[in-house]
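Data first, discussion second: the structure below is written as structure tokens.
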Amino acid sequence: MSVLSPASSGLPEGVLLRELHHRVTNGVAFAINLVSAAAIRAEGAEAKCALSDVAELLQGYADLHRTLAMPAGETLIQAAAYVRKLGCGMRRAVLDRMNIQLAFATQSVALQPQRCWHLGLIVHELAMHAARHACFDARAGQIRIKLTRTGALVNCVILDNGTRPAREASDRELRIARDIARALGGRIQQGFGAEFTSIVLSFPLTERERDANWSIATRQMRAPRRTRATASNEAVRAASAAADQRGPAVETDPFAGLLRKQEGEMAVPRQSADALGGLLSPSHHMDAP
């Protein structure tokens, strides 16, 4: 009698992952149904409200879990739209309940399906890492996600206005994110300040992704110049008129200023021999990948 080993089963890894995802989805849906039924049967208004809140929380996690499912097919995915959809799921499931604001600044980046999924897994882990361990003190919690492309290099920055002491022992949780980043051919680095913590994911595009993003950028540049110039002039005139009515500009969001400061420090020099190494300013401490 021969015994088949797991390696000889012939099942692709993707099939097993999809089956696991399917079972988790069904399990959460079953829990939502049970809690919703209990809320209907409950007699007191307080109990009904509490059970309904639990059902809503579970539904938020179910939606987030579906967003994190491994994509099928070979069609390139717009990473900016994917990350924003993922962020909406994180808001509903976790961040809104923790009173943590989530904002985005994204550029159009086309990625292969599995690599876009890997990016989503990393963004989800890093954002949740910030939510769990950032020390916001008396400040309102804020997390910013910035996705950009510089040539053939993709940069994703997760920046929060928390401080480092609360997460000293939590950095080991980033090991899986670092492993996924290495699978993308990239790496993760951290930067720290008095009132902010930033995590930078950087990875190169594949040849197929470079060609696709170059084609997209070329099409955008071929827009009629006259139309763009007219729109630009109208926008300048409107902004000038609005500025005259408002008076001198006042910075109302100090965190936005911090993000701009970080953007300048994380700019990638065009002639840098090590593009990834130039992402963080030398003035900030960096953890080794």
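All residue numbers in this chain count up from 1 along the given sequence.
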Calculate, to the nearest 0.5 Å, the distance between atoms CZ and CD1 belonging to R115 and I77 respectively.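 Going from CZ on R115 over to CD1 on I77, the span is 12.0 Å.
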Please give me the minimum heavy-atom distance between [X] and [Y], naming the atom from each residue.
X    : Y    : result
G89  : L64  : C-CD1, 4.0 Å
S36  : A55  : OG-CB, 3.8 Å
Y61  : V94  : OH-CG2, 3.4 Å
E209 : Q112 : OE2-N, 2.9 Å
A42  : A47  : CB-CB, 4.1 Å
N213 : S108 : OD1-O, 4.0 Å

Side-chain contact test, heavy atoms from C-beta onward, threshold under 4.5 Å: evaluate it for [X] versus [Y] and give yes or no.
X    : Y    : answer
T150 : N155 : yes
V200 : C156 : no
R208 : E74  : yes
I199 : I188 : yes
M90  : M128 : yes
R144 : K146 : no

Could you go step by step and tell me if L159 and I143 meet the side-chain contact (heavy atoms from CB on, under 4.5 Å) rule?
CA-CA 6 Å; L159 175 70; I143 297 175; over 6 Å; no
Checking side chain to side chain contact (heavy atoms under 4.5 Å, CB included) against L184, which of V154, L111, I122, T206 comes through?
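With L184 as partner, side chain to side chain contact (heavy atoms under 4.5 Å, CB included) holds for just one option, I122.
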Is there a path of hydrophobic side-chain contacts, each under 4.5 Å between heavy atoms, that joins [X] and [Y]?
X    : Y    : answer
L58  : I40  : no
L147 : F104 : yes
L121 : L76  : no
L119 : I216 : no
L68  : V123 : yes

ask   = Have Q190 and T197 got a donor and an acceptor in their side chains that come within less than 3.5 Å?
value =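 Per modelled atom types, Q190 and T197 side chains form no pair under 3.5 Å.
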Inset, instruction - Please check if any side-chain donor atom of T106 sits under 3.5 Å from a side-chain acceptor atom of R84, or the reverse. - result: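 Side chains of T106 and R84: pair found under 3.5 Å.
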- request: With side-chain contact (heavy atoms from CB on, under 4.5 Å) as the test, would you mind laying out the steps for F203 and R187 before giving the verdict?
  value: CA-CA 7 Å; F203 62 92; R187 68 187 185 187; over 6 Å; no
Ignoring hydrogens and angles, tell me if any N or O in the side chain of [X] forms a donor-acceptor pair with the backbone of [Y] under 3.5 Å.
X    : Y    : value
D160 : A130 : no
R210 : L205 : yes
Y82  : T67  : yes

key: Test: E125 and R132 ion pair at under 4.0 Å   =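 A salt bridge links E125 with R132.
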Q.
Salt bridge or not between D53 and R97? Use side-chain N to carboxylate O under 4.0 Å.
A.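 A salt bridge links D53 with R97.
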Begin from the C-alpha positions of I145 and V157 and carry the test side-chain contact (heavy atoms from CB on, under 4.5 Å) through to its verdict. CA-CA 6 Å; I145 299 176; V157 182; over 6 Å; no
ask   = Who passes side-chain contact (heavy atoms from CB on, under 4.5 Å) against R92, sequence neighbours left out?
value =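 Residues passing side-chain contact (heavy atoms from CB on, under 4.5 Å) with R92: Q59, D63.
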